[in-house]
Q: 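Before I ask anything, let me first share the structure, which is written out below as structure tokens.
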Amino acid sequence: MEKTYQPSDIEQSWYQTWEEKGYFKPSGKGDSYSIMIPPPNVTGSLHMGHAFQDSIMDALTRYHRMKGNNTLWQVGTDHAGIATQMVVERKLAAEEGKTRHDLGREDFLKKVWEWKEESGGTITRQLRRLGASVDWEHERFTMDDGFYKAVQEVFIRLYRDKLIYRGKRLVNWDPKLHTAISDLEVENKEKQGHMWHLRYPLSDGALTSEGKSYLVVATTRPETVLGDTGVAVNADDPRYQSLIGKFVDLPLAGRRIPIVADEHADMEKGTGCVKITPAHDFNDYEVGKRCKLPMINILTQNGEILDQAEAYNIDGSINEALETHIPEDLRGLDRFQARKALVAHFEELGLLEEVKDHQLMVPYGDRSGVVIEPLLTDQWFVKAAPLALPAIKAVEDGDIQFVPKQYENMYFSWMHDIQDWCISRQLWWGHRIPAWYDEEGNVYVGRSEEEVRSSNNISDEVSLSQDNDVLDTWFSSSLWTFGTLGWPELTERLKTFHPTDVLVTGFDIIFFWVARMIMMTMYFMKDEDGKPQVPFKYVYVTGLIRDESGEKMSKSKGNVLDPLDMIDGIELEDLVQKRTGNMMQPQLAQKIEKRTRKAFSEGISAHGTDALRFTLYSLASTGRDINWDMKRLEGYRNFCNKIWNAARYVLMNTEDHDCGQNDKPYELSLADKWIVSKLQECEAQVEKHVSEFRLDLASQSLYDFIWNEYCDWYLELSKPILTNESSSQEQLTGTRRTLVRVLEAILRLSHPFLPFITEEIWQRIAPLAGKQGDTIMTQDYPVADPSRIDNNALGDIEWLKGVIVGIRNIRGEMDISPGKPIPVFLHNGSDEDKKRFESNKAYISALAKLESMEWLTGEAPLSATQLVGSMEVLVPMAGLINVEAEVARLTKELDKAAKEIGRLNGKLNNEKFVGNAPDDVVAKEKAKLADAESSYKILNDQVEKIKAL
RNA sequence: AGGACUAUAGCUCAGUUGGUUAGAGCGCUACCUUGACAUGGUAGAGGUCGGCAGUUCGAAUCUGCCUAGUCCUACCA
């Protein structure tokens, strides 16, 4: 083996071998265990958040595979409708100066597929580099034919069951992307704006109770005045009661609109009068429905003022009676220009009462970044409430559990107030809606035009046209757990692997995806007894990975880290280039460059996949975001190096020797029994922590055992035996056997977390440990055996550590060179101390570099003292030790003991404590006090003795 | 406005049902190129557990209030 650990030498070739040999496929044996990967965008690339979640999924997958489960990690990608279409449109504009309309739907879609083929490999390459043990043979893409069949089937059945409907409704309209988007895709941001107070003259000479001839309404969007169809007041409002049923003359539009009573008007707020624009405001839409007001749309799909408004009745039918005039100079104006123009008109007319500064929440499209406009359009909706009921119950009943649990509240609060889901998108890239229209506008839903014709007896003379819209990407993603397994066919895979075991994802898509997956899956997937099947039993919600100062990683901030750069390393110049190239907002480039040069002045060095993964696990405590720290990554690379070198040591001392493979007699030392006991403890901890999704604690247990017990102590303890010429063959074999077998167990135990380095080392270690197999991946996962825990060995070695650390402490504090052998006396030992001394003498002597060690007989020479229990470990001072330093050291110890005694006395003299605390706690405190007092006495005597000189 | 989460060593984080002398890694200090490892070893320094009050024999841990930060939901004519 090479002297230093070089991850790049081993990782890629092992992955290739595993994949070629088919180790990632389900074994077909054992209870099934399955995880569906949250499908990343096929044209995107994986960021640190993906690396985090995928590493967790891989650890769970590898763990259960080794546990003997029939394990499937299903892989696939998502077509990401809006995002992908936007990318291709931008590309098309940049390269050919064309819009998608220039190409036409069919040719544009060809371009998208080309782009998908071109860029789609990025994700899969990255997954391979992360070591993801996914079943590549069954990779799925949401736009594949098979998956489309599932999407279509779901749409058709929901339509048939009256859970999908089409209608003219107010939706969130993106005037840039020309599509409807769902509530969840709207980002509300606080903005400084204005509130305009406008006068609406009362018709027919009516007056308010204050004798005014007009009402005052307030609005933040004056341009919507053109679409007003009423003014609402509260029925209990004495100021306006008498006006209910009367009219106002709507300025500019030339319309008489009614004054209606509605609870929406709050007497306390503003003037108490609310203008009602049902076609341009969600609240007003509801008021319109209640008060049977018509709806007037004044905007085009670009958000510009129409030449003539469009009037509809509240049921969506066309209203021909209403006046739809729009003043000439406003026509065609953009909504924000129209706002200014309209205010100017009101001012000229003397109808502008006042303008106030006003903070308001403005909705923006999360993709386009433009202000979203509520707009009246024909859309398809899923009736969500009936689907939500069983989905709520599943979580209430614990059939699905969120980890950490508090996310259940978030889920419930959204589900209890769920709105119908607008699923149509005015895009080209996506699953086209399986609905056809005849010339009268009748709708037929079916699998194909032929099917629609035959099942509805439509002759070939009647022309049918398919709906132009596609479905929301999340509609298809919501079928992911069963759609990927072959549904609507009842495949063997579906039966075997559904429901899946755990979903690993971020909290940001609980509503978008998790909730909708639960609703859809429970509607379509049933057990044999008809009980709805959940998509997964656990939802493990991870935190976000943020940058070193806690900021969210984003391209525009330029603080994004690519997981592959952590693995392979990257030069500073390349990193700067990567972060500043191809930006949406090039003006930020300079700032980003500066920031990058500051944070990574040396670039990023290579750390390897194993180190990256282990870092991610170590930081994966639940319910908490992670501030990424390069120093942690370095630390865990060092950990890998430590394992590497420990393996080198083991191999050097065991290869070409008998390691107990052949049933020859061997003898286990105390140290052997001790490390085997510690291994059992570690195995039990890892098992417990993994079962509770605490991969941070699991990795901590491994780190601690491997570095602080196996390497720091056991390897050192093996040296005295292996290098001592008088060691017997049985002793040598026993030690070699333990070295190799514990290491082999460590490798298996660590493999789900550190897949590559464990495989590389295991290949050489396994035969020495009597193990056979082509790969560590399919070996049995270690299981703790409590019968192998030897409490005597545990106690003895802890005692031994105490003695050695005590001597080293004296060495360290007294500046005695580590290489200089020193004599040691022991004094005041119990029978047990004496027994332990006899059996550990050789170890102590070697590890503490002693010249001699014996029980004190007669007068003690002047010495530096350490206590192990009440036994004194004495290092004679002659020529070695500085008196003042020793007094200082002892005084420090003495102070500590004194403080402890004071604290314990206070506690034990408190009758309430002694009376109330459990006996074992009291006994423990008493024992502590006795120890502290005895230490104090011995230390004090020692100080006196030295001082007396 | 409602809700959730966070606050522990200089930094990044653990701390299970209240019983600790509050832990880890990195960083820091001193010493050490000893035969697995300087991507290392040995020893050490470093914390009034955000603040205040309460419950309790006992609080980092439970309760209330406050402060700071992050996020979600809703509303604002």
Side-chain angles (χ1 to χ4, degrees), chain A residues 1 3-5 188 195 197 217-221 231-232 264-266 269-277 281 283-284 287 358-361 404 406-407 409-410 413-414 417 507-508 510-511 543-544 546 548 550 552 605 607 611 615 618-619 621 623-653 688 692 694 696-697 700 703-704 708 711-712 715-716 719 723 805 808-813 815-819 849 896 899-900 903-904 907 910-918 920-922 924-925 928 932:
Chain A
M1 281 172 79
K3 189 172 171 188
T4 47
Y5 161 65
N188 291 303
M195 177 79 81
H197 291 244
V217 296
T219 180
T220 54
R221 294 187 298 153
V231 173
H264 174 59
D266 186 337
K269 264 189 207 157
T271 59
C273 302
V274 190
K275 66 192 273 303
I276 303 298
T277 325
D281 183 282
N283 283 316
D284 294 4
V287 176
H358 182 68
Q359 288 249 334
L360 71 165
M361 294 294 258
Q406 70 252 22
Y407 286 105
N409 293 330
M410 192 166 154
S413 70
W414 191 69
D417 187 32
F507 66 90
D508 48 334
I510 288 181
F511 306 141
L544 242 51
R546 298 168 175 278
E548 64 285 354
K552 218 165 159 170
S605 62
H607 295 84
T615 309
S618 300
L619 297 172
S621 55
R624 188 174 175 136
D625 286 351
I626 292 172
N627 295 350
W628 184 250
D629 179 3
M630 292 298 293
K631 292 290 185 185
R632 294 292 294 255
L633 180 60
E634 259 171 56
Y636 293 115
R637 181 189 54 188
N638 297 351
F639 176 55
C640 291
N641 184 59
K642 191 75 182 175
I643 295 175
W644 186 264
N645 279 294
R648 286 181 63 226
Y649 169 79
V650 172
L651 285 170
M652 280 165 75
N653 286 288
K688 173 174 185 283
E692 291 167 352
R694 289 302 303 270
D696 58 328
L697 298 179
Q700 178 65 38
Y703 185 100
D704 187 55
N708 301 332
C711 293
D712 280 356
L715 295 190
E716 295 305 321
K719 287 175 187 175
T723 56
V805 169
R808 284 177 179 168
N809 179 280
I810 292 173
R811 245 187 217 284
E813 303 244 334
D815 258 348
I816 301 171
S817 123
K849 273 258 162 54
K896 233 180 178 173
K899 232 168 97 185
E900 178 77 350
R903 196 183 61 83
L904 289 164
K907 221 169 182 179
N910 182 344
E911 279 172 35
K912 287 182 180 164
F913 170 72
V914 180
N916 287 315
D920 60 321
V921 173
V922 176
K924 223 163 100 189
E925 298 296 300
K928 279 191 217 163

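Naming convention: chains lettered A, B, ... in sequence-line order (proteins, then strands); numbering from 1 in each chain.
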Q: Could you state the CZ-C1' distance from A:Arg221 to B:C76, rounded to the nearest angstrom?
A: 13 Å
Q: Give me the distance, rounded to whole Å, that separates B:G25 from B:U42 when you measure between the P atoms they each carry.
A: 11 Å
Q: When you match A:Phe507 and A:Asn409 each to their closest nucleotide on RNA chain B, which lands nearer the 5' end?
A: A:Asn409
Q: Does A:Thr220 reach a base, just sugar-phosphate, or nothing at all? Heavy atoms under 4.0 Å.
A: sugar-phosphate
Q: Provide, to the nearest angstrom, the distance between the CG atom belonging to A:Asn916 and the C1' atom belonging to B:U56.
A: 9 Å
Q: Base, sugar-phosphate, or nothing for A:Lys552, non-hydrogen atoms under 4.0 angstrom?
A: nothing
Q: Taking the P atom of each, how far is B:U8 from B:C62, in whole Å?
A: 16 Å
Q: So what does A:Lys924 touch, heavy atoms closer than 4.0 Å: a base, only the sugar-phosphate, or nothing?
A: sugar-phosphate
Q: So A:Phe507 and A:Gln406, do their side chains get closer than 4.5 Å, heavy atoms only?
A: no
Q: Tell me: CD1 of A:Ile816 to P of B:U42, nearest whole Å?
A: 18 Å
Q: Side-chain contact test, heavy atoms from C-beta onward, threshold under 4.5 Å: evaluate it for A:His264 versus A:Asp284 and give yes or no.
A: yes
Q: Nearest-Å distance, CH2 (A:Trp644) to C1' (B:A38)?
A: 18 Å
Q: Could you check whether A:Asn809 gets within reach of a base, just the sugar-phosphate, or nothing at all, counting any heavy atom under 4.0 Å?
A: sugar-phosphate
Q: Can you tell me how far C1' in B:C57 sits from the matching atom in B:G40, rounded to whole Å?
A: 49 Å
Q: With a distance cut-off below 6.0 Å to the six-membered ring centre and an angular limit of 45° from the axis, does A:Lys642 pair with A:Tyr703 as a cation-pi contact?
A: no
Q: Please determine if a side-chain N or O atom of A:Lys928 lies less than 4.0 Å away from the OP1 or OP2 oxygen of B:G19.
A: no
Q: Please state whether the base of B:U6 and the side chain of A:Arg624 form at least one donor-acceptor pair under 3.5 Å?
A: no
Q: What nucleic acid atoms does A:Thr219 come within less than 4.0 Å of, heavy atoms only: base, sugar-phosphate, or nothing?
A: sugar-phosphate
Q: Is it the case that the side chain of A:Arg811 and the backbone of A:Lys849 share a donor-acceptor pair, with hydrogens and angles ignored and the cut-off at 3.5 Å?
A: yes
Q: Describe the nucleic acid contact of A:Leu697 in one word from base, sugar-phosphate, nothing, applying a heavy-atom distance below 4.0 Å.
A: sugar-phosphate
Q: At under 4.0 Å between heavy atoms, what does A:Met410 touch on the DNA or RNA strands: base, sugar-phosphate, or nothing?
A: nothing
Q: Report the distance from atom CG of A:Leu715 to atom C1' of B:G40, rounded to the nearest whole Å.
A: 14 Å
Q: Any base atoms under 4.0 Å from A:Cys640, or only sugar-phosphate, or nothing? Heavy atoms, all strands.
A: nothing
Q: Say you pick atom P in B:G50 and the same atom in B:U12; how far apart are they, in whole Å?
A: 15 Å
Q: Between A:Asn627 and B:C11, is there a side-chain N or O to OP1/OP2 distance below 4.0 Å?
A: no
Q: Take A:Tyr5 and A:Asn645 through the side chain to side chain contact (heavy atoms under 4.5 Å, CB included) test and state the conclusion after the steps.
A: CA-CA 8 Å; A:Tyr5 161 65; A:Asn645 279 294; 5.9 Å; no
Q: In whole Å, measure the gap between the C1' atoms of B:A68 and B:C52 for me.
A: 15 Å
Q: Which is true for A:Arg632 with a 4.0 Å heavy-atom rule: it touches a base, it touches only sugar-phosphate, or it touches nothing?
A: base
Q: Rounding to a whole Å, what distance do you find between A:Asp508:CG and B:A4:P?
A: 20 Å
Q: With a 4.0 Å cut-off on heavy atoms, is A:Tyr703 in touch with a base, just the backbone sugar-phosphate, or nothing at all?
A: sugar-phosphate
Q: Identify whether any heavy atom of A:Val217 sits under 4.0 Å from a base atom; if not, whether one sits that close to sugar-phosphate; answer base, sugar-phosphate or nothing.
A: nothing
Q: Base, sugar-phosphate, or nothing for A:Met195, non-hydrogen atoms under 4.0 angstrom?
A: sugar-phosphate
Q: Have a look at A:Lys899 and say if it touches a base, only the backbone sugar-phosphate, or nothing, with a 4.0 Å heavy-atom cut-off.
A: nothing
Q: Find which nucleotide of RNA chain B each of A:Asp696 and A:Gly635 is nearest to by heavy atoms, and output the residue with the more 5' nucleotide.
A: A:Asp696
